[in-house]
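The structure under discussion appears below in the form of C-alpha cells.
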Amino acid sequence: MAQNLNAISPALAQTSNNPEDHRPGTATPVTIASPSSQPEVNVDIEHVHVEDDPRTWSNTRKNLVLFIISGAAVISGLTGNIQNPANAQIQQQLHASAQDISLSLSMFILIQGSAPLFWTALSEIKGRKLVYLVSITIFIITTAIVAISKTIGMMIGMRVLQAAGSSPFISVGAATLADIYEPHQRGTMMGIYYSAPLLGPALGPIVGGALTQGFGWRAVFWFLCIWGGVIFAAFAFLFKDTFRKERSLTYQNVLKRRIRERQQHEQQKARKSGSGDVTPATARPSIEHEHANEKTSGTEQGSPKELEAQKVVVSAEAMKEIKPSLADINPFPPYWRVIRRKNNLVIITSSGLLFAFGYSIAYTCARTLADSYGYNAMTTGLVLLTFGVGMTILGGRWSDRALARRKAANGGVSYAEMRLDGTKIVMLFFPPSVIGYAWVCQEHVHIAAVCVMLFLCGFFVIWIYSSTLSYVVDANVGRSSSAVASNSLFRGVFAFVAAEVAIPLQDAIGDGGLYTLWAGLMLLSQGMTLLVIYKGREWREQSIEAEKARQERKDGVGQA
C-alpha cells in the first residue's frame, strides 16, 4: 500500500494481493466498514505504515543508533558505581559521615529507577530525541556542580538530580530499539544494549579508582561530565528520532481524549444554540479495535486476542490539528495500564530481583575484596571486570533462536511468551552459581575461584534479564517505553532496598549467608518467569479483552 493509513483513503477499502503490500512496517487492512461517512480501519499499530519507517533503515544506521544509545546507557550503570573508590576521600574532604555516603548512593539508584516514568511519558508525546537531549543536559550540568561541591548536602542534592538526568537512557533506549527492530531481532539487540549499563558496576571501580588515585575524587565527576558532552554531541548531530506517533498508544490515546473533549464541547454549544451537531469532521477520528489476522513478517500472532485492545489510528487531519502539549503528559495512567496486567506485574517483579542481585553483588564484592583479600581500588576493579565480561550478548541471541524455534513449531505463528522459553536452560545453573560465589567468598578461597563464580553469575543474570526485558517490550505493543519505565521503577526500588540492607546483612551473616539468601530469591524470580511462560498468554488475553470492553464503554459514552 503506497498510501498512509492515516489518510483514511477510500483506496484502502480493497485488500491488496500484492506481496509487497505485506512487508514489515506496513499495516494490512482486514475489514473496512463505512456505516456512515466515517470509515473504520483495522490495523496492527506496531506495523502501521509511517513515513521514513525506522525498521526499514539500513543496518549501518541502525547500528549507529544502537551504538549511541548503548554509550548513553553506560552512563546509567557507571554513574551509580564510579563513586565507590572515591568515598573515603569524599567523606574526609566534605566532612561527611558514612551514613551520608550511603544515602548518596541509595538515593541515586532510587531516583534513577523512578524518574523514567516522566521521561518515557514525555518521549511518547514529544519524541525520543528531545528526551535524550534534555536529560543529558541536566546530567552534564548537575555532574559539574557535584565536581565543585563544597558540602555533602550540595553533593547529595546534585546526585539526586544527576540520577534523574541519567535515568531515561535505559527505558527510552529500549523503546528506541523497539522502534527500529522487529520482535524476532530484539533479543540479540537487547542483549547487546543491556550489556552496556550492566558493565557499569564492573568498569566503575576501575575508572573511579584510577581517577581518584591519580587526580582526586573530583576528577571522577569531571570524567562523567566529559562523557556526557560526547553523548550529547552524538545525539545532537548523529541521532535521528525513531519515534512515530502513529505507532504510540499513548499518543493516540491522548488524541482520542482531546477529540472526545472537543466533541463534548461542540455538542454542548450546539444544544445551547439549538443548531444541532456542529462537531467538525476532524474531530471524528477513525478508531477501531484490533482484529487483524493477517500475517506480517516476524510478528505473526496466534489469534485476535494476541493484539492490543486499543490499537487505533486517528485521522491524519486530526493529528495535524491537535498537538499534545506538556499538560497532556501524565505518566501514571500508562504505568497503571502496564502493571495492572498480571503477566506484566509478575515478570517485572522477577526482572527487578535480577537487577537488584546484579547491583548487590558489585556493591558487596568490592568490600569483600578490600577487607578479606586486601585489594586496592584498581585490583578490585579488575576482579569485578570478570562479572562484566560474563554479561555477554549470548543470552539475547539464544532468546532469538528459542523464539524462532517455537514459532516454526507453531506453524509460523508467534506470541510474546515464546520469548522467555530460552531462559529455562539456564535456570538449572544460575542459583548454584550464586551459592558457589557465596561460599568461595565466605571461605576466602583463591581469587581465581571468585573470578570464575563472578563470571558465571554475570553470564546467567544477563541471559535471563535480556529475555525478560525483550518480553516486556514484545508484550506491550504501542507502549513499550512505559512498560520498560515500569520495569525501571521496580528495579530501582529493589536495588535501593538491596543497597540499604546489603552491608548490615553482610556483617551479620557473611557472604555465605547473604548470597545463599540471594540464591533463594533467584529461585523465586525464576519461578515467576516460569509462571509467565505457562500462564502469561492466558493472562494477557484476559487483560486485552477487559481493556477492549472498557474502551468500548468509554467510546460509547464519548459518542453519546
Side-chain angles (χ1 to χ4, degrees), residues 4-6 23-27 43-73 116 119-133 135 168-194 196 234-235 238-254 296-299 308 311-313 319 324 334 338 396 400 416 419 466 469-488:
N4 190 329
L5 280 175
N6 299 312
R23 63 188 183 277
T26 303
V43 57
D44 173 4
I45 196 170
E46 184 162 340
H47 292 89
V48 64
H49 178 70
V50 295
E51 296 297 327
D52 190 21
D53 189 347
R55 293 183 188 168
T56 64
W57 288 354
S58 67
N59 287 333
T60 300
R61 176 178 283 187
K62 289 182 179 181
N63 290 337
L64 178 61
V65 170
L66 176 61
F67 179 76
I68 293 172
I69 63 174
S70 296
W119 290 121
T120 52
L122 181 62
S123 78
E124 294 291 345
I125 299 295
K126 299 297 183 182
R128 318 291 189 213
K129 185 169 184 175
L130 176 66
V131 167
Y132 289 134
L133 292 176
S135 61
F169 304 129
I170 295 177
S171 55
V172 180
T176 300
L177 293 184
D179 293 339
I180 63 177
Y181 291 110
E182 295 288 354
H184 66 281
Q185 301 171 309
R186 288 176 190 160
T188 299
M189 299 308 163
M190 289 292 182
I192 297 172
Y193 174 61
Y194 257 80
F235 277 123
L238 301 177
F239 180 83
K240 186 173 183 180
D241 205 338
T242 62
F243 175 72
R244 298 296 180 266
K245 57 190 176 185
E246 295 89 348
R247 291 180 177 172
S248 170
L249 278 176
T250 300
Y251 192 96
Q252 296 289 322
N253 286 335
V254 168
T296 55
S297 175
T299 58
E308 292 290 343
K311 291 181 181 176
V312 297
V313 174
M319 283 194 285
V338 170
D400 285 343
R419 168 68 66 190
S466 63
L469 185 70
S470 296
Y471 171 77
V472 168
V473 173
D474 291 351
N476 293 275
V477 177
R479 54 170 69 103
S480 56
S481 62
S482 297
V484 178
S486 302
N487 181 77
S488 179

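Heavy atoms only: backbone and side chains are in, while hydrogens, waters and symmetry mates are out.
Checking side-chain atoms of Ser70 against main-chain N and O of Phe67 turns up no donor-acceptor pair under 3.5 Å. Checking side-chain atoms of Arg128 against main-chain N and O of Thr120 turns up no donor-acceptor pair under 3.5 Å. In this structure a side-chain-to-backbone donor-acceptor pair under 3.5 Å is missing from Lys62 to Tyr181.
For the residue pair Tyr132 and Ser123, no side-chain donor N or O sits within less than 3.5 Å of a side-chain acceptor on the partner.
Taken to the nearest 0.5 Å, the CD1 atom of Ile125 stands 12.0 Å off from the CG atom of Leu130. Here CG of Leu238 is found 5.0 Å from CD1 of Ile68. Values are rounded to the nearest 0.5 Å. Interatomic distance, Phe243 CZ to Thr176 OG1, rounded to the nearest 0.5 Å: 11.0 Å.
Between Pro168 and Pro116 there is no side-chain heavy-atom pair separated by less than 4.5 Å.
The nearest pair of heavy atoms linking Gly173 to Ile69 is O-CD1, 3.6 Å. Residue Trp57 comes nearest to Asp241 through the heavy atom pair CH2-O, 3.9 Å, listed as atom of the first residue, atom of the second, then distance. For Ala72 against Phe169, the heavy-atom pair with the smallest separation is O-CD1, 3.4 Å.
Using a cut-off of 4.0 Å between Lys/Arg side-chain N and Asp/Glu carboxylate O, Asp52 and Lys240 are scored as salt-bridged.
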